[in-house]
> 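A single structure is presented below for examination.
In what follows, every chain begins at residue 1, and chains take the letters A, B, ... in the order their sequences are listed.
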Amino acid sequence: MADKIHKPRPISGFPEWLPEIRAVEMQWLDKIRAVFESYGYGSIETPSVEEIDVLLAKGETDKEIYTINRLQAEESDDSEARLALHFDLTVPFARYTAQHFNNLTFPFKRYQVQKSWRGERPQKGRFREFTQCDIDVINVDNLPLHFDAELPAVMFEAYQALDIPPVELRLSNRKIVQGYLQGLGVEDITTVTRTLDKLDKIRADGVINALSELGLDETLAKKCLAIAEIKTDDDSFADKLSSLGVSSPLMEEGIAELKFVMQNLAHLPKGSIKADLGIIRGFDYYTGTILEAYLKDMPKIGAIGSGGRYDDLAGSFINQKLPGIGVSLGLTRLFAVLLEAGHITPAAKAPTQVLVILPDESRRAEAAATARTLRTRGYNVELFHSDAKVKKQLSYAEKKGIPFVWFPPFKDGQAHEVKDMTQGEQLKADPENW
RNA sequence: GCGGUCGUAGCUCAGUGGUAGAGCGCCGCGUUGUGGUCGCGGAUGUCGCGGGUUCAAACCCCGUCGAUCGCCCCA
């Protein structure tokens, strides 16, 4: 034993799982990727770091990004101080698209499953290191509207593949809220929408109070609130909207778009799609369709995915107009929350399907050969690591959840046997054709 | 950055001023080639860290670090 032990502590906001839990997460990742690829999206990976200037080109995220530097760096050496860990995958994607513009085929459809980092204070369902599953399509000059329906559908299908509690997609369109508030004569639209975004949390009264603190009179505040309260299962949101008596060209454009999207998502299970004009989204690069995904039974944990359309995300990287739409599935939040809620059934502690017993050291070569034979036949096989008592070897299989234990011959001429650990029965078997 | 709560065995926690505990887990034994259950035995702690009060501190006080929940913001 060492003189001093550094007692390990969890690092706040940086989750890690036991093998049996990680195995489930890996299955999730496989399923999500399969859904993405089934629509023809291809994978890319970008570096964990980007230049700070790139990250700050869009959005207002200055204080939550982690910058990097070398521990041994000279004080005068700031060659790496310009780098920071990415806080999402959309900005790196935009940079990537601009950088590889000549070699990409448009519309460029890609997915990206990677970690992201945000230096916020962690709390329930909020991490500083988390995995995002992003899927975007980006095109030159303009992007057909039907992608605004395709991406939410892909996202929903990905959730469906995971065997999790019911998910609801809430959709809106930036142009509607923007146009509406402009029509009302609201000046500070960003602050007002940010307040409306809190409707679920602080309720109608809270929103009214917050808005009057911003200097809006009560009538105006109520009108602002009215739009955020519109939630419908189909395109009837438009009727409710028109009854508010405000109109603008921008708003009408948004209404038409959202109607189109809702109609093109009608094939999804009833109750899983909502037009919700209270959906705002924090990032300011969104210009049209916006959406958030929630667990129906656990809305309080926040969105488990989100996304939207942007007119020109890569505009600051290249002199081309590149509109796109993307959605991001917040894997870590979803996984962690469902794990805590007991919805995740742990897998076996190891992928081993067969444990080969080591009768004694003198038979190791023979047992290893048996293990190899079984492996070539496609099984995950472990040879026990020492010639411990059979009792101990079986107990190891039991603890690790290994379903089969293989008994190679203990004496010359003896037959192989295999034991089914769940049934308890043990039969003669041939490693060549078991 | 701000506020609340909590730090005792690997884990979950009990212990409110007088010898450091339980359950689970871990290791061993219950003989010869067979797991789970059961029985018996065993190991493991600077009671987060530093200071103060006291004859005496896991316990009271101050500070600090960490975790956690919430606010801001967000997946």
> Going by ring centres under 5.5 Å and near-parallel planes (under 30°), is Phe410(A) stacked on rG33(B)?
yes
> Output yes if the stacking criterion (under 5.5 Å between centres, under 30° between planes) is met for Phe130(A) over the base of rA75(B), else no.
yes
> Do Arg126(A) and rA75(B) have a side chain to base donor-acceptor pair shorter than 3.5 Å?
no
> NA contact type, Tyr396(A), heavy-atom cut-off 4.0 Å: base, sugar-phosphate, or nothing?
nothing
> Can a salt bridge be assigned to the pair Glu292(A) and Arg281(A) using a cut-off of 4.0 Å between side-chain N and carboxylate O?
yes
> How would you label the contact of Ser395(A) with the nucleic acid (heavy atoms, under 4.0 Å): base, sugar-phosphate, or nothing?
sugar-phosphate
> Taking for each residue the nucleotide of RNA chain B with the nearest heavy atom, is it Thr422(A) or Pro10(A) whose nucleotide lies nearer the 5' end?
Thr422(A)
> With under 30° as parallel and over 60° as perpendicular, where do the rings of Phe108(A) and Tyr96(A) fit, or are they tilted in between?
parallel
> Go through the N and O atoms of the side chain of Lys391(A) and the base of rU34(B), and report whether any donor-acceptor pair is under 3.5 Å.
no
> Looking for any heavy atom pair under 4.0 Å, which part of the strands does Ala303(A) touch: base, sugar-phosphate only, or nothing?
sugar-phosphate
> When all nucleic acid strands are considered with a 4.0 Å heavy-atom cut-off, which category describes Arg128(A): base, sugar-phosphate, or nothing?
nothing
> Looking at rC71(B), I'd like to know if its phosphate oxygens (OP1 or OP2) sit under 4.0 Å from a side-chain N or O belonging to Lys124(A).
no
> For a quick check of understanding: with a heavy-atom distance under 4.0 Å over all strands, which category does Lys201(A) fall into, base, sugar-phosphate or nothing?
base
> Under 3.5 Å for both donor-acceptor distances, Watson-Crick or wobble: does rG1(B) have a partner, and if so which one?
rC71(B)
> Assign Gly302(A) to base, sugar-phosphate, or nothing according to its heavy-atom contacts below 4.0 angstrom with the strands shown.
nothing
> For rC26(B), what is the paired nucleotide under Watson-Crick or G-U wobble rules, both distances under 3.5 Å?
rG42(B)
> With distance as the sole criterion, do the side chain of Gln426(A) and the base of rU34(B) form a donor-acceptor contact below 3.5 Å?
yes
> Among the candidates rG70(B), rG36(B), rG30(B), find the nucleotide nearest to the side-chain atoms of Arg121(A).
rG70(B)
> Can you tell me the base-pairing partner of rC60(B)? Count Watson-Crick or G-U wobble geometry only, both distances below 3.5 Å, and say none if there is no partner.
rG52(B)
